[in-house]
There are 2 protein chains.
Amino acid sequence: MAASPQKVSESTVRRLSLYLRFLEEFEEKGVTTVSSEELAGRGGTTAAQVRKDLSIFGSFGKRGLGYAVPLLGREIRRILGLSRSWRVALVGAGRIGAALFEYPNFRTRGFRIVTVLDHDPKKVGRLWDGTRIRHVDTLEETLRETKVDIAILAVPEEVVQDVVDRVVSVEIKAILNFAPTQLRVPNDVVVNDVNMAMELEALSFALVNRALR
Amino acid sequence: MAASPQKVSESTVRRLSLYLRFLEEFEEKGVTTVSSEELAGRGGTTAAQVRKDLSIFGSFGKRGLGYAVPLLGREIRRILGLSRSWRVALVGAGRIGAALFEYPNFRTRGFRIVTVLDHDPKKVGRLWDGTRIRHVDTLEETLRETKVDIAILAVPEEVVQDVVDRVVSVEIKAILNFAPTQLRVPNDVVVNDVNMAMELEALSFALVNRALR
DNA sequence: ACATGTGAACTGCTTCACAGCG
DNA sequence: CGCTGTGAAGCAGTTCACATGT
C-alpha cells in the first residue's frame, strides 16, 4: 500500500536514488523486469535490503516474478518527489557554482536552476544560458519573485552563515551547502552538506588504517 | 592509549573531521581548552558522542578540565593521517575538475594535486598553477612517475569505469569519485562518492515528506 | 567540584528466514 | 516453484549514567 510511511532513514532515501539510477539503466537496455537480487547486485547492497526499502512505501513487485522496471521507476520518482520539477537558486557563481550550473544530472532529474546570484559586480548582469545573474544583495526579493524551493550555496565559508540566515528568512526549507561549515538553521529547514575536504580526509584515514582490515 | 583501534565507523571518521575543523576555529580565537560539551555544541552531535569517538583512539582529555585544543588537534590530525601530505591526481580538467583544483581546503589539509590529466587535446600541455596537464592516455605512467596516493575522478560517467580500472591497475588504493556511477573496484580499494544529484534528491524527499515529522 | 572515559541500556538499521502469493 | 513482503533475530551506533581521576 502507498500508505503514509512511519520513519524513513537517510540511508534508505540514498539507496532509493541508487535504485532509480539502476532502473533507468535497465530501462535503456530494454529490460522489463528485475528481481531484488539484480537491483542489489549492481550496487553495494543486498536483496533483502532492497525489498525492505521498497516495502516501507508499498508492494510494487509481483511474487515469483520481480519488479516491473518502468512501474518501479515511476513509483520511486513519486516517492522521492521527482514527478514534479523543483525551482532551484544557485548562490555563488564562482568556480564551484559554474560547475554546478553545467552539471547535467540536475536538469534531467527535474531540478531547474531558475536563479543565479553573485557578489561580484563584474558577474552581475551576465547571462548564463538564459539566466541573468543578479546581485546577492537582492537575494530576498529575487528568491521570492522566482518562487525558489531549494537553495544551493556555493559561497565562501566566511559569508555562508549570513547567506543562510537570509535564505531562511524567505521561508526556503531545503539547502544544499558546499561550504565546509556547520550551518545553523531552524529545525524545519533541511540542510545537506557536500564537504569535499571531509571526503578526502576519510580516504586519508582509510589509507593509514588499511592494515587493520 | 593510542593502541590499535578495533572497529571505526564511517560516521566516527566524519565527526573527527568536524571536530578538527572546530578545534582550528577555537585555536584561531586563542581558546586553549574545550570540553566535549563545547565541541558538540558547535555541530550536530552530543557531548557523550564526542567522548566516545575520541576514546576509541585514546584518552586525550584531562578530567575536570577538558581537552587541550592544540594537543587534541594534533592527535586528530595524526589519527586521520593528516600529519603527512598526500599526493593527489586529478583526472578530468572540465568544470568540476577546475573547481576542485582551485578548492583551497585541499591544500591546507595536506592534499597536494601533483598531477592533472585530461582527454581534450586543447587542454593537454597547459599549465595550471605550475602543473602541466597531461593526456589521459598516459595515465598509468604519469600516476606511477608522480607517485600518486589518491585519485580524484571528475570525468563523464560514460568513461569513469574505464578510468577506474586503469587507476586501480597502478596500485592506487583510494579514489574520490564525482561521477554518479557505482564503481566496481577490488575490495582493497576505498572509494568515496560525491553525488550531488543524490543530495538534491534527498532534499526533494525531505520537502515532500515535510508533513510527517 | 568538575568533566572525562566507559560499561550498560537503548535505539535503529541490517540480515535472516520463511510464510504468502502469483 | 520462485521471488516478494515481513516479522523476528542480530548487530552496530548512540545515549545514559556513573565511577574515575585531577
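Naming: A, B, ... by sequence-line order, numbering from 1 per chain. Just so you know, these numbers use all the heavy atoms, side chains as well, and skip hydrogens, waters and symmetry mates.
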Give the rounded distance in Å between these two atoms: [atom1] of [X] and [atom2] of [N].
X	N	atom1	atom2	result
I56(A)	dG7(D)	CD1	P	13 Å
K7(B)	dC11(D)	NZ	C1'	10 Å
L71(A)	dT4(D)	CG	P	14 Å
L54(A)	dC3(D)	CG	P	16 Å
D53(B)	dA12(D)	CG	P	17 Å
E37(B)	dG5(C)	CD	P	15 Å
E38(B)	dC2(C)	CD	C1'	13 Å
E10(B)	dA12(D)	CD	P	15 Å

[X] side chain: which of [options] is closest?
X	options	result
S35(B)	dT4(C), dG22(C), dC3(D)	dT4(C)
R51(A)	dC18(C), dG12(C), dT6(C)	dC18(C)
K52(B)	dT15(C), dG13(D), dT6(C)	dT6(C)
S9(A)	dT15(D), dG13(D), dC13(C)	dC13(C)
S36(A)	dT4(D), dG22(C), dG13(D)	dT4(D)
Y67(A)	dG5(D), dT20(D), dT15(C)	dG5(D)

Candidate list K29(B), R74(B), R77(B), test salt bridge (Lys or Arg N to Asp or Glu O under 4.0 Å), partner E24(B), passing option
R77(B)
Of T46(A) and K62(A), whose closest DNA chain C nucleotide lies nearer the 5' terminus?
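Upstream on the strand: T46(A).
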By nearest nucleotide on DNA chain C, pick out whichever of G64(A) and A48(A) is the more 5' one.
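Its nearest nucleotide being more 5', the pick is A48(A).
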Just so I know, are the side chains of L90(A) and L100(A) near enough to count as touching, which here means a heavy-atom distance under 4.5 Å?
yes
Compare all side-chain heavy atoms of L117(A) with those of L143(A) and state whether any distance is below 4.5 angstrom.
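Yes; the side chains approach each other to less than 4.5 Å.
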Check this for me, if you would: do R210(B) and D188(A) make a salt bridge, where the nitrogen-to-carboxylate-oxygen distance has to be below 4.0 angstrom?
no
Kindly say if [X] contacts the phosphate of [N], meaning a side-chain N or O under 4.0 Å from OP1 or OP2.
X	N	result
S11(B)	dG13(D)	no
Q49(B)	dT15(D)	yes
S59(A)	dT4(D)	no

Show the nearest heavy-atom pair for residues R87(A) and T146(A), with the distance to one decimal.
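Minimum heavy-atom separation between R87(A) and T146(A): NE-O, 2.8 Å.
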Does R63(B) make a side-chain donor-acceptor contact with the base of dT4(C), cut-off 3.5 Å?
yes
